[in-house]
Amino acid sequence: MGDTARKPNHRSRRGRLLTPANLLFFRNFLKHPSRIGWLLPSSPRLVNEVLRQVDWDRARLIVEYGPGTGQFTEPVLERMRPDAHLIALEINADFVAYLNGAIKDPRLHLVRESAAQIDAVLARLGFAQADYVISGIPFATLPHQLRDTIVRKTHSVLRPTGRFLVYQLSDSVLPYLEAVFGQVSRGVEILHILPARLYYCSP
Ligand SMILES: C[S@@+](CC[C@H](N)C(=O)[O-])C[C@H]1O[C@@H](n2cnc3c(N)ncnc32)[C@H](O)[C@@H]1O
């Protein structure tokens, strides 16, 4: 494996607020506040903290819910194995168009579908179970039934050794996670300005 495939590289994102990606994110937050959840993409500190949980040698299939402008997507691709796959589910058409233009990597399968369809998407793409699911979708603003469906389906597609890595502004998803996952550990990191709650779940 070439080292370059796994080294973090946030040069294009670090320290600059008014990037085209951030402006696109902010404009979409104004259009769909409840679906986007917060004003700006996640901070590199938060991304690094969540991605510290991943065993990159073991991970063959990673799923990302709500990649937005790719704040996690690019670092995941930089770190993951050459033979691993990343399936990203995003419902926002502007973000899907942006990511299709910005990221050219055959290991990325970007799908314009809801996280609630994860089981059908995996089956359609010919994958069985995921090693990690990473999610920043704003559970706090989703209806009860949708939160419940996404959490239960995520549990059903994870390997027994898999993990669901969740970052959120509120703790409203915690009871849903605790109802389904055997173990949920917690952390905190700066999302952009506000603190994010981190939940690391094992089946
Ligand atoms: C807070 S943003 C996170 C963006 C990016 N991952 C980050 O950390 O900067 C939430 C993202 O989830 C997407 N989203 C919301 N509901 C979704 C759903 N049911 N399925 C997939 N994506 C969803 C939104 O369109 C948005 O891109």
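Order of listing sets the numbers, starting from 1, for every ligand and every atom in it. What you see is a predicted model, and the numbers here were worked out from it, not measured in a lab.
Scanning the protein heavy atoms around atom 15 (C) of ligand 1, the nearest turns out to be R35 O, 3.1 Å. Looking at atom 4 (C) of ligand 1, its nearest protein heavy atom turns out to be G66 O, 3.4 Å. With respect to atom 16 (N) of ligand 1, the closest heavy atom belonging to the protein is I91 CD1, 3.5 Å. Nearest protein neighbour of atom 20 (N) of ligand 1, counting heavy atoms only, is A115 N, 2.9 Å. S114 OG, 3.2 Å is the protein heavy atom nearest to atom 19 (N) of ligand 1. Ranking protein heavy atoms by distance to atom 25 (O) of ligand 1, first place goes to E90 OE2, 2.5 Å. At the shortest separation from atom 23 (C) of ligand 1 among protein heavy atoms lies I137 CG2, 3.3 Å. For atom 10 (C) of ligand 1, the closest non-hydrogen atom on the protein side is I36 O, 3.3 Å.
A salt bridge does not link E189 with R52: every distance from a Lys NZ or Arg NE/NH1/NH2 to an Asp or Glu carboxylate oxygen is 4.0 Å or more. A salt bridge links K31 to D94: at least one charged side-chain nitrogen sits closer than 4.0 Å to a carboxylate oxygen.
Across A93, S42, S135, P67, heavy-atom proximity to atom 5 (C) of ligand 1 is greatest for P67.
For ligand 1, the polar-atom distance check finds no N/O of F72 at less than 3.5 Å from any of the ligand's N/O atoms. Close N/O approach between Y167 and ligand 1 is found [any backbone or side-chain N/O within under 3.5 Å].
Between F164 and F181, the gap from one ring centroid to the other is short of 6.0 Å.
Of the listed residues (V133, L177, T149), just one forms a side-chain contact (heavy atoms from CB on, under 4.5 Å) with T154, and that residue is V133.
With ligand atoms numbered from 1 in the order given, ligand 1 contributes 2 (S), 4 (C) to contacts under 4.0 Å with heavy atoms of F25. Within ligand 1, counting atoms from 1 as listed, the ones closer than 4.0 Å to a heavy atom of N92 are 25 (O). Distances below 4.0 Å separate heavy atoms of P41 from the following atoms of ligand 1: 9 (O). The ligand atoms of ligand 1 that sit less than 4.0 angstrom from a heavy atom of F95 are 27 (O).
Between the side chain of R147 and the backbone N or O of L142 there is at least one donor-acceptor pair closer than 3.5 Å. Judged by distance alone, the side chain of R112 and the main-chain N or O of I91 form a donor-acceptor pair under 3.5 Å.
At a threshold of 4.5 Å between side-chain heavy atoms, the hydrophobic network of Ile, Leu, Val, Met, Phe, Trp and Tyr places Y132 and L108 in one connected group. Hydrophobic clustering places V180 together with L146 (ILVMFWY residues linked when any side-chain heavy atoms are closer than 4.5 Å, directly or through intermediates).
Taking the side chain as every heavy atom from C-beta outward, F127 and V63 never approach each other to under 4.5 Å.
Within 6.0 Å of the CZ atom in R159, the count of heavy atoms belonging to other residues, nucleotides or ligands exceeds 12.
For L89, every heavy-atom contact with ligand 1 shorter than 4.0 Å involves the backbone, none the side chain.
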